[in-house]
There are 2 protein chains.
Amino acid sequence: MPTHRKPAAGPDDSGSVPYVRVREALFAELKRGRYPPGSRMPSESDLVARFGVSRMTVGRALRDLQESGLLERRQGAGTFATQPHKVASTLRIRDIHEEISSRGHRHRAVVHLCREEPASREVATRLGLVKGAPVFHTVIVHFENETALQCEDRFVNPVCAPAYLGVDFSAVTPTHYLLAVAPFWKAGYTIEAALPGAREARLLGIDRAQPCLIVTRLTENRSMPITVARLTHPGLVYQLEGAFEP
Amino acid sequence: MPTHRKPAAGPDDSGSVPYVRVREALFAELKRGRYPPGSRMPSESDLVARFGVSRMTVGRALRDLQESGLLERRQGAGTFATQPHKVASTLRIRDIHEEISSRGHRHRAVVHLCREEPASREVATRLGLVKGAPVFHTVIVHFENETALQCEDRFVNPVCAPAYLGVDFSAVTPTHYLLAVAPFWKAGYTIEAALPGAREARLLGIDRAQPCLIVTRLTENRSMPITVARLTHPGLVYQLEGAFEP
DNA sequence: CAGTGGTCTAGACCACATA
DNA sequence: ATGTGGTCTAGACCACTGT
């Protein structure tokens, strides 16, 4: 007698989906302090009996909680409640136009440089090219409602985006364009606090002594680096935010 | 005739686990450029036939790829390849002692302040208390191999950790202690670049003009704020790093 | 309506941990 | 030896989408 489903459950029904029901029930108990950190949770069989669902279903619920960092599961040993301390928060890599628009503000971009250059040693290394090889270089300042928010200093590997220099970057951001023509498969970044360079300070209209939040990001294709960008944000007007709530 | 399992598969066997096999196969194809962004993937039934596994198994593989941000699935419509652009990288919230030790370096903490104070208006607001209510306040500088790495200025809600002031913070970090006595269920942070305060500069032994990376973190219990910390890092010696690889 | 994803169940085999 | 998590299959019902 397979699948004697429940008749779509009741009306108030917060969680008519069984695995969600199980997950939320366990989550609530964890939050309430039952199962203190480090203690063993009921076994899958126990939960199967308690909730009247199949093992795959409680497995799904437990896996969700595990991926949230709330549980640790050890084969042969059992399932344990954890301290949610090593949980990771997420930091998005977003297109700045999207970011500004999503705040309901106006985005404007001013292009200060857009040309081909021979690669310096450092840029060449980062892009996996030889020194002196031609690379595309753009410097663009992004405004949010007339406030300078970001100075984007970017080098692009010509192989990945041959038509890059022909794009009107006052209308479409390099990030947006590059995503379309050369989707990345790998990305790395560093975030640091530093003083702006002379040109950056001038373009952003800030004092050279004002600290900036600098994000350096390198994205790569499946086989080669696409672009390296140095994004300088005045510390006074830009903050990264994140949150974790299991 | 249920479960005619494969005899544990061959030796080289990178992915004897069926859902991993399916996931990796599809991942490789996505990476190779088959299924360009926006295009429709084969349906679950197709994949069932192609890989000779059950539908739950391909479902699991597809869900993994979806959670990685590589696929989008729309009920009734199909499964589609996406641009992996809105993918999030993770930024860990780690205990600084752990962080330094994991680099194989030595950690030392110097306690500069450890007392009870009446809450300022700002601190009171952050911790959900009334102005003037007693709060615990610690200021600790963390060294990595004799280099000042972080100035930790922290306020703690006494209700959550009554014995806080009795802890020897040269031996155990506030983060570590608080995780033990008051695990958090919610956390938020901001990252900004700014100049250090006078005291911070002095304690870190840096110039007041040297920009710092400042992480402000608020953690909460299930019902009330536990602690708010301002972590100041000299920009020259501290960077946050992250990477994304699907 | 046919096709697609979303989910469930029941039973099963395996790898691993602990006693 | 027993119990635990990890996974698989086969078949099924449902909700949704597009023609």
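Atoms considered below: every heavy atom in the structure, side chains included; atoms not considered: hydrogens, waters and symmetry mates. Letters go in sequence order (proteins before strands), and every chain restarts at 1.
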Contacts of His107(A) meeting ring pair (Phe, Tyr, Trp, His ring centres under 6.0 Å) (sequence neighbours excluded), chain-then-number -> His97(A), His142(A)
The side-chain contact (heavy atoms from CB on, under 4.5 Å) partners of Ala28(B) (sequence neighbours excluded) come to none
To the nearest 10 degrees, the angle between the two end axes of the helix from dC1(C)-dG18(D) to dT18(C)-dA1(D) (five pairs per end) comes to 10°
Applying salt bridge (Lys or Arg N to Asp or Glu O under 4.0 Å) to Glu44(A) and not counting sequence neighbours gives Arg55(A), Arg73(A)
Arg21(A) atom CZ is separated from dC8(C) atom C1', nearest whole Å, by 12 Å
Contacts of Ala77(B) meeting side-chain contact (heavy atoms from CB on, under 4.5 Å) (sequence neighbours excluded), chain-then-number -> Arg74(B), Phe80(B)
*Measure distances between side-chain N and O atoms of Arg60(B) and base N and O atoms of dG6(D), and say whether any donor-acceptor pair falls under 3.5 Å.*
no
With sequence neighbours left out, the residues meeting salt bridge (Lys or Arg N to Asp or Glu O under 4.0 Å) with Arg126(A) are none
Hey, does the Lys NZ or Arg CZ of Arg60(B) hover above the aromatic six-ring of Tyr19(B), less than 6.0 Å from the centre and inside 45° of the axis?
-> yes
Would you state whether a donor and an acceptor, one from the side chain of Arg74(B) and one from the base of dG6(C), lie under 3.5 Å apart? no
Sorted by chain and number, sequence neighbours left out, salt bridge (Lys or Arg N to Asp or Glu O under 4.0 Å) with Glu152(B) holds for Arg154(B)
- Item | Donor-acceptor pair (no angle test) under 3.5 Å: Arg63(B) side chain, dG5(C) base | no
By nearest-nucleotide position on DNA chain D, the 5'-leaning member of Gly78(A) and Ser54(B) is Gly78(A)
Residue set satisfying ring pair (Phe, Tyr, Trp, His ring centres under 6.0 Å) with Phe169(B), at least two apart, ordered chain then number -> Tyr164(B)
Tabulate protein N/O versus nucleotide N/O from nucleotides 1-3 of chain C, keeping only pairs under 3.5 Å, one per line.
| unit_1 | atom_1 | unit_2 | atom_2 | d |
| --- | --- | --- | --- | --- |
| dG3(C) | N2 | Gly76(B) | O | 3.0 |

